[in-house]
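Presented below is the structure to which this report refers.
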Number of protein chains: 2
Amino acid sequence: MSLLAREGIDAVRVEPLAERLGVTKGSFYWHFKDRAALHAAMLEAWRGVATYEIIARLEAGGPSAEERLRRLIEPTASRGKAGRLETAIRSWAHNDAAAAKVVAGIDEERIAYVAQLLREMGIDPETALLRTKILYLALIGSFFAAQSDQLQAGPELWKEIMRLIK
Amino acid sequence: MSLLAREGIDAVRVEPLAERLGVTKGSFYWHFKDRAALHAAMLEAWRGVATYEIIARLEAGGPSAEERLRRLIEPTASRGKAGRLETAIRSWAHNDAAAAKVVAGIDEERIAYVAQLLREMGIDPETALLRTKILYLALIGSFFAAQSDQLQAGPELWKEIMRLIK
DNA sequence: ACCTGAACACCGTTCAAGT
DNA sequence: ACCTGAACACCGTTCAAGT
């Protein structure tokens, strides 16, 4: 998984992996049918933690809906270990239907959760869903936008989003 | 370039390319130093059209700033040929510093252009820049978000963004 | 100026054989 | 139950040789 996060799915190869573990590459095929099967297993592993992880981060923000929201958009989101992994998987999803499906599931769960927060803040359901999508799209965008000074998604940016949304 | 758009940079390989062109793979090395040099040339080709292309699309929207803005966020943006190519390059940029640099340059030019549109709409410069970034991040996000019904960035979504921004 | 053909290295995959 | 070793295919790269 750390290899995926650092260098993308195409770097997750059988021979380098085997070498790193001090075994021959032949032994890999005892554990997995082939390289694709390893990739599929990694996808499942990520599915298992991705939703849980982001919701846990929000709930650590305390009981108020607004405070939780602020956690979602902490600018560390795209930089940390989890952020690197998530962008790697989204890049992967762009060329792989199985990965795309898992990402779609995660997106739906997260959006449902965040939309509920907005409803708790007194926004009507329809607008809450639209604004959740805006927020979420900007968040994903910040994962993929250039890490330049120009587009740096700094605190003022997220403050402005919050101001517009609530 | 169409191979890059359809299957990502890792599918842009010497041997399949040579076969497709009906020559031996050895001849490739007359035209390019190596595979990396081909990739670099592709990046330059994209740099040459990316800004021009998006600004041309906007200007086709007529003289009013607001009407131009609407063009930017036409939902076809992420689906068309250019959209596929752009997402492929952003995925690539995630694992490649050279690609990341070109993407950063493109982002800066586009943001400067769109921020100017917002200023023309009477928004003060600082807020215009912030809101341009929000709009732009959401746009990039829509390129990478799951193509599920749930997160479909439909017309109402962009209408809501316009409502919030102007 | 451009291409071929052969060689070598790297890695995915298979499989018979080992412990 | 897990691993090795050898074999083969695919592709990147080099280079001497051809036209």
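Letters A, B, ... mirror the listed sequences (proteins, then strands); counts begin at 1. Basis for what follows: all heavy atoms, side chains included, without hydrogens, waters or symmetry-related copies.
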Atom pair distance, as rounded to whole Å: [atom1] in [X] and [atom2] in [N]:
X      : N       : atom1 : atom2 : answer
Y29(A) : dG18(C) : OH    : C1'   : 20 Å
W30(B) : dT19(D) : CH2   : P     : 17 Å
F28(B) : dT14(D) : CZ    : C1'   : 13 Å
H39(B) : dC11(D) : NE2   : P     : 14 Å
F32(B) : dT14(D) : CZ    : C1'   : 18 Å
L21(B) : dC2(C)  : CG    : C1'   : 14 Å
E19(B) : dA9(D)  : CD    : C1'   : 14 Å
K33(A) : dT14(C) : NZ    : C1'   : 11 Å

Using purine N1 to pyrimidine N3 plus N6-O4 or O6-N4 for Watson-Crick, or N1-O2 and O6-N3 for G-U wobble, each under 3.5 Å, what pairs with dG12(D)?
-> dC8(C)
Tell me the partner of dC3(C), counting only Watson-Crick (N1-N3 plus N6-O4 or O6-N4) or G-U wobble (N1-O2 and O6-N3) with both under 3.5 Å; none if nothing fits.
-> none
Would R90(A) and D107(A) pass as an ion pair if we require N to O under 4.0 Å?
-> yes
Is the shortest distance from a Lys or Arg side-chain nitrogen in K159(A) or E156(A) to a carboxylate oxygen in the other one below 4.0 Å?
-> no
Can a side chain N or O of H31(B) be found less than 4.0 Å away from OP1 or OP2 on dA1(C)?
-> no
Phosphate contact (dT13(C) OP1 or OP2) by R35(A) side-chain N/O below 4.0 Å | no
So F144(B) and H94(A), would you call those rings parallel, tilted or perpendicular, with 30° and 60° as cut-offs?
-> tilted
Taking the nucleotide of DNA chain D with the closest heavy atom to each, which residue, K25(A) or P16(B), is nearer the 5' end?
-> K25(A)
Picking from dC3(C), dT13(D), dT4(D), which would you name as closest to the side chain of V14(B)?
-> dT13(D)
Do L130(A) and M162(B) share a hydrophobic cluster, counting only Ile, Leu, Val, Met, Phe, Trp and Tyr and linking them when any side-chain heavy atoms are less than 4.5 Å apart?
-> yes
Side-chain (S27(A)) to main-chain (V23(A)) donor-acceptor, under 3.5 angstrom = no
